[in-house]
Protein chains: 2
Amino acid sequence: MFENASKVRKKPMQARSRETVSAILEAAAQVLEARGYAGTTTNHIADRAGVSIGSLYQYFPNKESIVLSLMEAHMAEAASGTDALMSLVEARGCITPDDVREFVHLAMELHKREPGVHRAIVQDIPITGKIWWEAFMNMERIMVDRLRILLDKTPHARKTKGGAAARMIIRVLESLTHRQVMDSADRLDQEEFLEETSDMLCRYIFDAGMDKS
Amino acid sequence: MFENASKVRKKPMQARSRETVSAILEAAAQVLEARGYAGTTTNHIADRAGVSIGSLYQYFPNKESIVLSLMEAHMAEAASGTDALMSLVEARGCITPDDVREFVHLAMELHKREPGVHRAIVQDIPITGKIWWEAFMNMERIMVDRLRILLDKTPHARKTKGGAAARMIIRVLESLTHRQVMDSADRLDQEEFLEETSDMLCRYIFDAGMDKS
DNA sequence: TGAGAATATGAGCAATTACTTATATTATTC
DNA sequence: GAATAATATAAGTAATTGCTCATATTCTCA
């Protein structure tokens, strides 16, 4: 889905270089987590990875592309997870409160791993004109469309014009989990977050009277 | 509320210098809007303001403090607006669906002015260890506490332990409006956003059966 | 085994940038 | 109208940083 668009300067042929590349990515994640995007330098990454700065630039054209690589991995994970869940629901034909809960749960799981990296990526990187934002918006659009169809098929589910409800739901999911990632300290308890968010979405989606679980 | 904590290096005494300071702030807003935080340099700001770089550093100790100034202004505005609305509701003693709508409306209004500046501030500036994030969290805490008391007083309003509902509501408001600011293009129509968000919050807050308007 | 391809190295360059400082200009005060 | 304080100027510095390139090492395969 997210092909490596001119991301890798030279394609690694031998096992040795493939290890170098993954060492760089792993180091990048660590440094990013520790110092944020602005505080991360290519030399830092090379140092931490135990490779020379020259090697780094042999496989990545610039600093941004390294972070983009991490981002793509995260998005691919998100896309496949969402796709699986969505397909399941589509097979049944309509969406239920339990499904909603599963979606919230998935969103939480996806952001739980490497929160520091995620924080650095979504928070620190200047968004304007950046490539990954476009990819992100595209992924969101696809999800909204699928959810919209599902909502239309589901009896007693909210009906809006132009798919507004679907857009709202996806946005709430994304915004709240992103926010949850931001403040690592003092954050809403995980269980509480799952509970309250699911309930809020269910009340929004389904007609009153339907029991939420 | 947000006193200028060591922000201004030398306090401007004459009208001339006060104009210089405001020219700098205005220029900073423009440059920030056009180029983002990372792309903004102190020399850019001085140029745009029509003052020398030396003058800039006479009144601001560093680049960050300039942006912090803008942020404080925004937060002071937000604090006073919210306070006014909150006081109104507190005087009545309980919260209504109309109030909820007013809160959403306020949040939208606060982010409508200078969206580019806001975008640069919340998106581009590395959060880790930054001063304004603490002030922001503090403001949020105050709002949550007041809302929590209001919810407790309101019949048929959601009751949670530990103020979870109040926390959720404030978070949804903030997260969604921030997100709304992020994608200037392709954004939910303003009216639609107000409508759907208010409705979502009302359904979450109030027992089923109460009409939303 | 040796020639060529792939990979690794790191000193150093070029460009950027936040910030200083010595000096000049303007305002205020007695 | 001096003397002093406030303000403005911009050339220049020191440090950072993304990135290159000439050279060295390791691997592959005929």
Side-chain angles (χ1 to χ4, degrees), chain A residues 6-28 31-32 34-70 120 124-126 128-131, chain B residues 6-28 31-32 34-70 120 124-126 128-131:
Chain A
S6 75
K7 213 179 51 209
V8 178
R9 170 170 288 190
K10 188 187 285 180
K11 212 156 194 193
M13 312 297 301
Q14 308 176 354
R16 183 164 49 132
S17 54
R18 258 172 274 130
E19 265 175 49
T20 299
V21 168
S22 67
I24 291 171
L25 288 176
E26 207 165 318
V31 179
L32 224 43
R35 317 180 54 126
Y37 182 77
T40 296
T41 73
T42 46
N43 289 290
H44 285 149
I45 297 176
D47 274 359
R48 173 67 71 103
V51 303
S52 70
I53 183 66
S55 289
L56 186 150
Y57 277 97
Q58 204 140 31
Y59 300 106
F60 297 92
N62 50 45
K63 173 180 165 182
E64 192 188 3
S65 70
I66 301 175
V67 182
L68 190 60
S69 244
L70 292 176
D124 292 357
I125 299 184
T128 327
K130 290 306 177 219
I131 316 147
Chain B
S6 75
K7 216 179 49 208
V8 177
R9 171 170 286 190
K10 189 186 287 181
K11 214 161 193 188
M13 311 297 300
Q14 309 175 355
R16 184 165 50 133
S17 56
R18 257 173 274 129
E19 263 176 51
T20 300
V21 169
S22 68
I24 290 170
L25 288 175
E26 206 166 320
V31 179
L32 224 44
R35 317 179 56 126
Y37 182 76
T40 296
T41 73
T42 46
N43 290 291
H44 284 149
I45 297 175
D47 274 0
R48 173 68 70 104
V51 302
S52 70
I53 182 67
S55 289
L56 187 151
Y57 277 97
Q58 203 140 29
Y59 300 106
F60 297 92
N62 51 45
K63 173 180 165 182
E64 193 189 2
S65 69
I66 302 175
V67 183
L68 191 60
S69 243
L70 292 175
D124 293 357
I125 299 184
T128 328
K130 289 306 176 219
I131 316 147

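Chain letters run A, B, ... following the sequence lines, proteins first and then strands; every chain starts at 1.
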Along nucleotides 12-17 of chain D, 5' to 3', which nucleotides get a B, which get an S, and which get a -, given that the test is a protein heavy-atom distance under 4.0 Å? -----S
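- With rounding to whole Å, B:Y37 atom OH is found 13 Å from C:dT17 atom P.
- Expressed to the nearest 0.5 Å, how far OG1 of A:T20 lies from CD1 of A:I24 amounts to 6.5 Å.
- Atom pair B:D47:CG and C:dA18:P shows a separation of 12 Å (rounding to whole Å applied).
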Quick one: what's the B/S/- string for nucleotides 21-28 of chain D, heavy-atom cutoff under 4.0 Å, read 5' to 3'? -----BSS
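- Contact check, B:S55 against D:dT9: a side-chain N or O comes under 4.0 Å of OP1 or OP2.
- In this structure B:Q14 satisfies the side chain to side chain donor-acceptor pair (under 3.5 Å) test together with B:R16, sequence neighbours excluded.
- One distance of note links CG of B:N62 with CG of B:L68; it measures 9.0 Å at 0.5 Å rounding.
- Atom CZ of B:R18 and atom P of D:dT7 are 9 Å apart (whole Å).
- When the side-chain nitrogen and oxygen atoms of A:S52 are compared with OP1 and OP2 of C:dG10, none of them lie within a distance under 4.0 Å.
- The CD1 atom of B:I45 sits 12 Å away from the P atom of C:dT17 (whole-angstrom rounding).
- Closest heavy-atom contact between B:T40 and B:G36: OG1-O, 2.6 Å.
- The shortest side-chain heavy-atom distance between A:Y37 and A:E64 falls under the 4.5 Å cut-off.
- For the pair B:T20 and D:dT7, the criterion of a side-chain N or O lying under 4.0 Å from OP1 or OP2 is not met.
- Looking at the side chain of B:M13, the nearest of the listed nucleotides D:dA6, C:dT9, C:dC19 is D:dA6.
- Regarding A:L56, its CG atom lies at a distance of 11 Å from the P atom of D:dT20, rounded to whole Å.
- At a threshold of 4.5 Å between non-hydrogen side-chain atoms, the residues A:Y59 and A:L25 do not count as touching.
- By the side chain to side chain contact (heavy atoms under 4.5 Å, CB included) test, B:T42 is found to be paired with B:I53, B:L56, B:Y57, B:K63, residues two or more places apart in sequence or in another chain being considered.
- The CD atom of B:Q58 sits 7 Å away from the P atom of D:dA8 (whole-angstrom rounding).
- Applying the side chain to side chain donor-acceptor pair (under 3.5 Å) criterion to B:S22, with sequence neighbours excluded, gives no partner residue.
- For the side chain to side chain contact (heavy atoms under 4.5 Å, CB included) test, no residue two or more places apart in sequence or in another chain qualifies with B:E19.
- Protein atom CD of B:E19 is 19 Å distant from nucleotide atom P of D:dA6, rounded to whole Å.
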